[in-house]
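Worksheet: one structure, shown below.
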Amino acid sequence: MEIVSLASVPPFTTKDGSTIRELLSFRNSEIAAQSLAEARLAPGGETTAHVHPATEEIYYLLSGIGLMAIENETRAVAAGDAIAIPPGKRHQIRNIGVEPLVLLCCCAPAYSDTDTILCDALLPSPESDADR
């Protein structure tokens, strides 16, 4: 049985600029076809817009509030929301709250910098967030 404690996993920064702790993947467990990580964005923080050509993702928000963009659609998101991100869809998330935005990221296949392509911003400038 494999059990990984969040506290035992060192954080690292992904290609999109988010800091994650990868709980389970082929890099640290018997899991071969997917990965599970916790990501945190400080207030005002955001990922760089990006796309994964081969990987589908699920974001599950544990705490905080954010603004999520997938392609040309932008929506407010909050703790308890699950977000489906199909392969090939550009996406970006920003913390628009006053506390850390904490989310779980499940990727299939497992997260890889080589399957991450950065692209132009999808979210409006932070100044316009106040208008939402």
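Because the structure is a prediction, the values reported are computed rather than measured.
Ala32 and Phe26 get closest at one heavy-atom pair: CA-CB, 4.4 Å. The nearest pair of heavy atoms linking Pro53 to Ile117 is CG-CD1, 3.6 Å. Heavy atoms only, all atoms of each residue included: Ser35 and Ala110 are closest at OG-CA, 3.6 Å. For the residue pair Leu118 and Lys15, the shortest heavy atom distance occurs at CD2-O, 3.7 Å. Contact detail for Gly64 and Glu99: the closest heavy-atom pair is N-OE2, 3.6 Å. Ala78 and Leu61 make their closest contact through O-CB, 3.6 Å (heavy atoms, listed as atom of the first residue, atom of the second, distance).
Residues passing the side chain to side chain contact (heavy atoms under 4.5 Å, CB included) test with Val102, sequence neighbours excluded: Glu38, Arg40, Leu62, Ser63, Pro100.
Between Thr55 and Asp115, the side chains place a donor N or O and an acceptor N or O closer than 3.5 Å (distance only, hydrogens not considered).
In this structure, the separation between CD1 on Ile58 and CD on Gln34 is 8.5 Å, given to the nearest 0.5 Å. Of the inter-residue distances, the one linking Ser29 atom OG with Leu24 atom CG reads 4.5 Å to the nearest 0.5 angstrom. For the atom pair CD1 (Ile96) and CG (Leu41), the distance works out to 12.0 Å, reported to the nearest 0.5 Å. Here CZ of Phe12 is found 5.0 Å from CD of Glu22. Values are rounded to the nearest 0.5 Å. Atom CG of Asp81 sits about 11.0 Å away from atom CG of Leu103, to the nearest 0.5 Å.
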Side-chain donor-acceptor contacts of residues 84-91 below 3.5 Å, not counting sequence neighbours, with atom names and distances?
{"residue": "Arg90", "atom": "NE", "partner": "Glu71", "partner atom": "OE1", "Å": "3.0"}
{"residue": "Arg90", "atom": "NH2", "partner": "Glu71", "partner atom": "OE1", "Å": "2.9"}
{"residue": "His91", "atom": "ND1", "partner": "His50", "partner atom": "O", "Å": "3.4"}
{"residue": "His91", "atom": "ND1", "partner": "Lys89", "partner atom": "O", "Å": "2.9"}
{"residue": "His91", "atom": "NE2", "partner": "His50", "partner atom": "NE2", "Å": "3.0"}
{"residue": "His91", "atom": "NE2", "partner": "Glu57", "partner atom": "OE1", "Å": "2.9"}

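Panel note: side chain Asn28, backbone Leu23; a donor-acceptor pair is recorded below 3.5 Å. Checking side-chain atoms of Asn95 against main-chain N and O of Gly66 turns up no donor-acceptor pair under 3.5 Å. At least one donor-acceptor pair under 3.5 Å links the side chain of Glu2 to the backbone N or O of Glu30. Formation of a donor-acceptor pair under 3.5 Å by the Gln92 side chain with backbone atoms of Thr47 is found in this model. Side-chain N or O atoms of Thr116 include one that pairs as donor or acceptor with a backbone N or O of Ser112 at under 3.5 Å.
Both Leu104 and Val9 belong to a common hydrophobic cluster when Ile, Leu, Val, Met, Phe, Trp and Tyr are linked at side-chain heavy-atom distances under 4.5 angstrom. Cluster annotation: Val4 is not connected to Ile20 through the hydrophobic network of ILVMFWY side chains, with a link wherever side-chain heavy atoms come within less than 4.5 Å. In the hydrophobic clustering of this structure, Leu6 groups with Tyr60; members are Ile, Leu, Val, Met, Phe, Trp, Tyr whose side-chain heavy atoms approach within less than 4.5 Å, directly or through other members.
Residues Leu67 and Ile93 are not in side-chain contact: their nearest non-hydrogen atoms beyond the backbone lie 4.5 Å or more apart. When side chains are defined from C-beta on, Tyr59 counts as touching Met68, because their heavy atoms get closer than 4.5 Å. Arg94 places a side-chain heavy atom less than 4.5 Å from the side chain of Pro126.
With a 6.0 Å radius and a threshold of 12 heavy atoms from other residues, nucleotides or ligands, Asp120 has its CG atom at or below the threshold.
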For Val77 and Ile65, what are the C-alpha separation, side-chain angles and deciding distance, and is it a side chain to side chain contact (heavy atoms under 4.5 Å, CB included)? CA-CA 6 Å; Val77 292; Ile65 57 172; over 6 Å; no

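Using cut-offs of 30° and 60° for the angle between ring planes, the Tyr111 and His52 rings count as perpendicular.
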